[in-house]
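Have a look at the structure below, then the notes.
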Amino acid sequence: MPRPPLLTIIGRKHSGKTTVLVRLTAELAARGWRVMSIKHGTHTFNMDPANTDTYRHYHEGRVARVAMVAPDKFALVARHDREPTPEEVAERYMQDADLVVCEGFKRSALPRIEVYRRAAHAEPIYAAGSHESAQHIAMVTDVDDLELPIPIVRLSDDDWPSQLAHLVEQRMLAGRVAASTQTAQ
């Protein structure tokens with residue numbers, strides 16, 4: 001099965017990346033797309049609190065992988081000797097997605113949507129003409145007078161999640177059939 005398309009949401013700290021990702025993926029899911037996500041972290045994390053059995057398996061037992069299985073979900077924590085790329089994670093664990101939306105990974109070559117809020121930062125990351133600017137497919141912003149050579153979705157528009165989902169469907173999902181449609185047939 002081929003790797004699903006990947007898109008990343010980038011922006012500076014406190015720009016609203018998580019909010020944009022959550023609203024976009026909820027809108028795409030409501031439209032019938034099977035969407036998965038990958039969050040980039042700059043430091044290690046724990047999926048469960050100390051003194052749980054899975055925590056003890058991983059930290060005290062030093063297992064290479066621990067899976068937690070419940071009636072409604074499954075989680076896997078695995079040790080790696082290097083940070084896997086979002087492409088590797090999607091290819092290995094998310095092949096049945098219509099789209100994988102990442103948060104972060106701004107140094108990757110993935111197509112990207114930047115979140116820029118003037119309330120949080122003076123300037124966007126986007127720089128017209130730069131090598132990285134070719135990867136931008138849109139800007140989501142609170143700046144009403146911002147003009148760029150890429151599509152701009154304004155947070156002041158009440159239907160911005162719908163606008164953004166439509167753009168993603170055009171740019172990332174054109175020609176694909178939603179997984180929910182495939183399973184219904």
Student check: side-chain heavy atoms of Y116 and V143 closer than 4.5 Å:
yes
Would the number of heavy atoms belonging to other residues, nucleotides or ligands and lying under 6.0 Å from NE2 of H131 be above 12?
no
Is it possible for you to say whether I125 and V115 belong to one hydrophobic cluster, with membership spreading through side-chain heavy-atom contacts below 4.5 Å?
no
Would you mind reporting whether P124 and M139 have side-chain heavy atoms less than 4.5 Å apart?
yes
Report yes or no: do F105 and I10 belong to one cluster of Ile/Leu/Val/Met/Phe/Trp/Tyr joined by side chain heavy-atom distances under 4.5 Å?
no
Distance in Å, T25 OG1 paired with I9 CD1, rounded so as to fall on 0.5 Å steps:
9.0 Å
Identify the heavy atoms of M172 and L6 that sit nearest to each other, and give their distance.
CE-O, 3.2 Å
Report the residues that fulfil side-chain contact (heavy atoms from CB on, under 4.5 Å) with A109, sequence neighbours left out, ordered by chain and then residue number.
Q135
What one should report as the nearest heavy-atom pair of R65 and A78 is CG-CB, 3.5 Å
Contact list for residues 159-172, test side-chain hydrogen bond (donor to acceptor under 3.5 Å, both in side chains), sequence neighbours left out:
R31-S162, R31-E169, W33-E169, D157-Q163, D159-Q163, H166-Q170
Please state whether the rings of H136 and Y126 are parallel, tilted or perpendicular, taking 30° and 60° as the class boundaries.
perpendicular
Verdict with reasoning, L110 to L7, per side chain to side chain contact (heavy atoms under 4.5 Å, CB included)
CA-CA 6 Å; L110 296 174; L7 166 70; over 6 Å; no
Is there a path of hydrophobic side-chain contacts, each under 4.5 Å between heavy atoms of I, L, V, M, F, W or Y residues, that connects L76 with V89?
yes
Salt-bridged, R82 to E88, with N to O below 4.0 Å?
yes
Would you say CZ of R62 has more than 12 non-hydrogen atoms from neighbouring residues, nucleotides or ligands within 6.0 angstrom?
no
Using 0.5 Å steps for rounding, measure from the CD atom of E123 to the NE2 atom of H121.
11.5 Å
Side-chain touch R3/M94, heavy atoms, less than 4.5 angstrom:
no
Report whether I113 and L148 are members of the same hydrophobic cluster (ILVMFWY, side-chain heavy atoms less than 4.5 Å apart, transitive linking).
no
Do S156 and D142 have side-chain atoms, one donor and one acceptor, less than 3.5 Å apart?
no
After noting the C-alpha distance and the side-chain angles of L99 and V168, does the key distance pass the side chain to side chain contact (heavy atoms under 4.5 Å, CB included) rule?
CA-CA 10 Å; L99 177 69; V168 169; 3.7 Å; yes
D53 and M68: side chain to side chain contact (heavy atoms under 4.5 Å, CB included), yes or no, with the steps?
CA-CA 9 Å; D53 291 345; M68 179 63 186; over 6 Å; no
Count the heavy atoms of every other residue, nucleotide or ligand shown that sit under 6.0 Å from NZ of K39, and state whether that count exceeds 12.
yes
With sequence neighbours excluded, give me every side-chain hydrogen bond (donor to acceptor under 3.5 Å, both in side chains) pair touching residues 8-18.
T18-E103
One pair to check against side chain to side chain contact (heavy atoms under 4.5 Å, CB included): I152 and T141. What are the steps and the verdict?
CA-CA 7 Å; I152 297 174; T141 186; 3.7 Å; yes
Which pair of heavy atoms, one from I38 and one from P86, lies closest together, and at what distance?
CD1-O, 3.6 Å
From SG (C102) to CG (L21), nearest 0.5 Å:
8.5 Å
Shortest non-hydrogen contact between A97 and P4, atoms and distance
O-CB, 3.3 Å
Can you establish whether the number of heavy atoms outside R56 located under 6.0 Å from its atom CZ is more than 12?
no
Any idea which heavy atoms bring D98 and G32 closest together, and the distance?
OD2-O, 4.2 Å
Please give me the minimum heavy-atom distance between A29 and V35, naming the atom from each residue.
N-CG2, 4.3 Å
If we only count heavy atoms from C-beta on, is the L155 to V140 side-chain gap below 4.5 Å?
yes
Quick check for you: to the nearest 0.5 Å, what is the distance between H40 atom NE2 and T85 atom OG1?
10.5 Å
